[in-house]
Amino acid sequence: MINVSVGSPAGMCTVANPAFYRYVLRLAEAPLHASALDRAQLDVLANVPHAYADEEECSGDGWRIVPAMSYEDWPVLEATPQRLRAAFQTARRLLWANAGPVGISAGDMIAIDTEIESVLGVLRQAEAGGFSVNVSYVS
């Protein structure tokens, strides 16, 4: 089981569907044709850290990995809600356009689409509150 957590002081959600991890966070590894801009969006999601990984601080365009500060903490990808919204919307669009090559089932696609909508709701709340958003996963 894999849980992906998306949260800010304005709210959070946890997605507990392994297909979300496989087809959204790891979509950059799938054999699909994507523009350089789309690849940059997928790169954000590909850098979401595992909660128990030893991550070092690194960053990209509009995001950064914040390493764990203690044993009671874990590394997170921190980004603006707008940056994450663009990344999740790109993943959604590319999944629908490349469902065959990616190998996603119709049931998984519908479930993932619903979960992306939940994540986008959290991002809207964070944006309205002026907060950045943290994302990590644990298995």
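These numbers come from a predicted model, not from an experiment.
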Can you name the closest pair of heavy atoms from [X] and [Y] and give their distance?
| X | Y | result |
| --- | --- | --- |
| Val24 | Ala91 | CG1-CB, 4.1 Å |
| Gly62 | Arg83 | O-CG, 3.7 Å |
| Ala34 | Arg39 | CB-NE, 3.8 Å |
| Ile116 | Phe20 | CG1-CE1, 3.8 Å |

Q: Could you go through the side chain to side chain contact (heavy atoms under 4.5 Å, CB included) check for Leu84 and Val119 one step at a time?
A: CA-CA 9 Å; Leu84 286 170; Val119 169; over 6 Å; no
[X] side, atom [atom1]; [Y] side, atom [atom2] - distance, nearest 0.5 Å:
| X | Y | atom1 | atom2 | value |
| --- | --- | --- | --- | --- |
| Leu32 | Leu42 | CG | CG | 7.0 Å |
| Leu45 | Thr90 | CG | OG1 | 8.5 Å |
| Ser105 | Tyr23 | OG | OH | 6.5 Å |
| Ile65 | Asn134 | CD1 | CG | 10.0 Å |
| Ile104 | Trp96 | CD1 | CH2 | 8.5 Å |

Q. Side chain to side chain contact (heavy atoms under 4.5 Å, CB included) between Gln82 and Val133: does it pass, once the steps are laid out?
A. CA-CA 10 Å; Gln82 299 87 345; Val133 180; over 6 Å; no
Q.
Applying ring-ring contact (aromatic ring centres under 6.0 Å, His included), can you list everything that pairs with Tyr137, at least two apart in sequence or on another chain?
A.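 Scan of Tyr137 (ring-ring contact (aromatic ring centres under 6.0 Å, His included), adjacent residues dropped) gives Tyr21, His50.
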Q: Can you sort out the partners of Ser132 under side-chain hydrogen bond (donor to acceptor under 3.5 Å, both in side chains), two or more places apart, ordered by chain and number?
A: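 Here the qualifying residues are Glu78.
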Q.
Run the side-chain hydrogen bond (donor to acceptor under 3.5 Å, both in side chains) test against Trp63 and tell me which residues pass, sequence neighbours left out.
A. none
Hey, quick one: are [X] and [Y] part of the same hydrophobic cluster, counting side-chain heavy atoms closer than 4.5 Å, chains of contacts allowed?
| X | Y | answer |
| --- | --- | --- |
| Ile110 | Leu27 | yes |
| Met109 | Val15 | yes |
| Met69 | Val138 | yes |
| Val66 | Phe131 | no |

Let me check something: any side-chain donor-acceptor pairs from residues 2-14 under 3.5 Å, sequence neighbours excluded? List them with distances.
from	atom 1	to	atom 2	distance (Å)
Ser8	OG	Ala10	N	3.0

Q.
Are Met1 and Ser139 packed together at the side-chain level, in the sense that at least one heavy-atom pair is separated by less than 4.5 angstrom?
A.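 No - every pair of side-chain heavy atoms lies 4.5 Å or more apart.
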Q: Begin from the C-alpha positions of Val44 and Asp61 and carry the test side chain to side chain contact (heavy atoms under 4.5 Å, CB included) through to its verdict.
A: CA-CA 8 Å; Val44 175; Asp61 183 24; over 6 Å; no
Q: Return the set of residues passing salt bridge (Lys or Arg N to Asp or Glu O under 4.0 Å) with Glu29 (not counting sequence neighbours), or none when no residue passes.
A: Arg26
(Q) Quick test of your reading: applying salt bridge (charged side-chain N to carboxylate O under 4.0 Å, His left out), list the pairs with at least one residue in residues 85-112, sequence neighbours left out, ordered by first then second residue. (A)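 Every salt bridge (charged side-chain N to carboxylate O under 4.0 Å, His left out) pair that includes a residue of residues 85-112, provided the two are not neighbours, is Asp38-Arg93, Arg85-Glu127, Arg92-Asp113, Arg92-Glu117.
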